[in-house]
Amino acid sequence: MKHFIDINDCTYEEFMDLLDLADKLKAQNKKGISHHVLAGKTLGMIFAKSSTRTRVSFETGMYQLGGHALFLSSQDIQLGRGETIADTARVMSRYLDGIMIRTFDHQDVVDLAEYGSIPIINGLTDLMHPCQVLTDLMTVREYKGKLKGLKMAYLGDGNNMANSLLQGASLCGMNIAVATPAEYGCDLNCIEQARSNAAVHGSEVLITTDAREAVKDADVIYTDTWVSMGQEAEKAERIKIFKDYQVNSELMKLADNQAIFMHCLPAYRGLEVTEEVLEGSQSVVFDEAENRLHAQKAVLVRLLAPQAQI
Ligand code: CP
Ligand code: NVA
């Protein structure tokens with residue numbers, strides 16, 4: 001594994017190895033055991049969009065692994081004034097050991113990897129959010145003890161989260177149901193990849209506009225904001241279009257009675273999820289947020305110190 005940009009680039013074995021290492025790092029972290037396997041290494045973190053979890057968990061993760069993280073707002077570096085991705089990639093590769101980037105156009109992340117000579121981590125694009133989904137699957141496994149054969153239902157916008165969940169859940173042998181309004185469906189390549197993963201595992205992919213059909217007997221109910229970063233101007237229109245996809249107590253009752261509720265956060269109470277569900281006993285959102293730290297440390301170790309023994 002040279003980069004972590006798109007879950008579809010990972011083999012099943014590589015993805016499972018990341019999940020296993022994340023579990024191990026979390027258990028050791030709780031016991032106060034640390035590994036400074038990234039001593040002397042620097043991660044550049046380019047942000048063209050806001051972030052709480054991604055920024056803080058990557059910076060803390062680098063510190064815990066003995067390395068250093070540099071926050072680079074795209075507004076403050078020459079990229080924001082028109083320096084190309086190709087030049088940025090080649091220059092940064094002379095200083096840094098890896099780059100984590102959060103931006104709009106997914107192709108910019110692919111280009112950064114192509115022109116640079118260091119590992120690139122996708123910290124969210126308009127198309128995908130792989131670090132979040134690695135974390136989510138770690139969290140599901142913690143709560144349910146397995147992934148294969150479980151059913152995940154995602155409701156709402158067919159956005160970056162939905163695309164990566166389709167890829168990641170299907171790679172791990174989960175059944176995945178995605179309910180979105182017809183005009184707001186997922187990326188067609190990601191749906192295709194999910195179907196081909198499902199064929200390997202004998203699992204199912206359901207793409208529907210019916211939230212109730214998707215949620216039926218699900219073990220995991222997942223939602224995300226209806227207004228992603230960059231879509232602020234469409235907020236009023238989107239709130240009307242997505243209203244039937246709200247995760248509320250009535251919808252939760254259609255799922256398995258042991259189902260967990262997940263959300264990548266930030267959440268907008270009263271829109272995609274009610275206060276009652278978000279703060280309710282089935283919600284695991286803050287464990288999920290914590291696990292960003294552990295899951296991303298696993299990615300950092302495998303990409304920046306592939307020989308490290310942990
Ligand atoms: N879930 C997530 O990526 O959160 P941030 O936008 O706060 O990084
Ligand atoms: N879909 C959301 C995820 C935020 C973590 C966005 O792109 O804004």
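Hydrogens, waters and symmetry mates are skipped; everything else that's a heavy atom, side chains included, is used. Quick caveat: nothing in here was measured; it's all calculated off a predicted structure. Ligands are counted one by one from 1 in listed order, and the atoms in each one are counted from 1 as well.
Atom 4 (O) of ligand 1 has as its closest protein heavy atom Arg53 NE, 2.8 Å. When hydrogens are left out, the protein atom nearest atom 3 (C) of ligand 2 is Asp224 OD2, 3.6 Å; that is the closest non-hydrogen contact. The single protein non-hydrogen atom nearest to atom 2 (C) of ligand 1 is Arg292 NH1, 3.3 Å, given as residue, atom name and distance.
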ask   = Checking side-chain contact (heavy atoms from CB on, under 4.5 Å) for the pair Leu112/Ile101: CA distance, chi angles, key distance, verdict?
value = CA-CA 9 Å; Leu112 203 56; Ile101 177 166; 3.8 Å; yes
request  = Evaluate the side-chain contact (heavy atoms from CB on, under 4.5 Å) criterion for residues Glu192 and Val205: first the C-alpha distance (whole Å), next the side-chain angles of each, then the deciding distance (0.1 Å), finally the verdict.
outcome  = CA-CA 10 Å; Glu192 210 36 62; Val205 177; over 6 Å; no
task = Determine, step by step, whether Phe261 and Val273 satisfy the side-chain contact (heavy atoms from CB on, under 4.5 Å) criterion, reporting the C-alpha distance in whole Å, the side-chain angles of both residues, the deciding distance to 0.1 Å, and the verdict.
result = CA-CA 10 Å; Phe261 170 75; Val273 59; 3.5 Å; yes
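At least one N or O atom of Thr52 sits closer than 3.5 Å to an N or O atom of ligand 1. For the pair Cys264 and ligand 1, the shortest N or O to N or O distance falls below 3.5 Å. Polar contact with ligand 1: present for Leu265 (N/O pair, distance under 3.5 Å).
Counting non-hydrogen atoms of other residues, nucleotides and ligands closer than 6.0 Å to CZ of Phe71 gives a total above 12.
Aromatic ring centres of Phe242 and Tyr184: separated by under 6.0 Å. The ring of Phe286 has its center no closer than 6.0 angstrom to the ring center of His263.
Within ligand 2, counting atoms from 1 as listed, the ones closer than 4.0 Å to a heavy atom of Leu265 are 5 (C). Every atom of ligand 2 is numbered from 1 in the order shown, and the set under 4.0 Å from a heavy atom of Leu124 is 3 (C), 4 (C), 5 (C), 7 (O). In the vicinity of His129, heavy-atom distances shorter than 4.0 Å reach the ligand 1 atoms 2 (C), 3 (O). Heavy-atom contacts of Ser228 reach the following atoms of ligand 2: 1 (N), 2 (C), 6 (C), 7 (O), 8 (O) (cutoff under 4.0 Å).
Contact annotation: the side chain of Leu166 approaches that of Ile207 to within less than 4.5 Å [non-hydrogen atoms, C-beta and beyond]. Contact annotation: the side chain of Leu171 approaches that of Ile7 to within less than 4.5 Å [non-hydrogen atoms, C-beta and beyond].
The side chain of Asn160, and not its backbone, has at least one atom closer than 4.0 Å to an atom of ligand 2 (non-hydrogen atoms only; side chain from C-beta on). The proximity of Arg102 to ligand 1, defined as any non-hydrogen pair under 4.0 Å, is limited to the side chain. Within the 4.0 Å heavy-atom criterion, neither part of Lys49 lies near ligand 1.
A donor and an acceptor atom, one from each side chain of Thr208 and Glu213, are located under 3.5 Å apart.
Within the set Lys49, His129, Met229, Arg102, the minimum heavy-atom distance to atom 8 (O) of ligand 2 is found for Met229.
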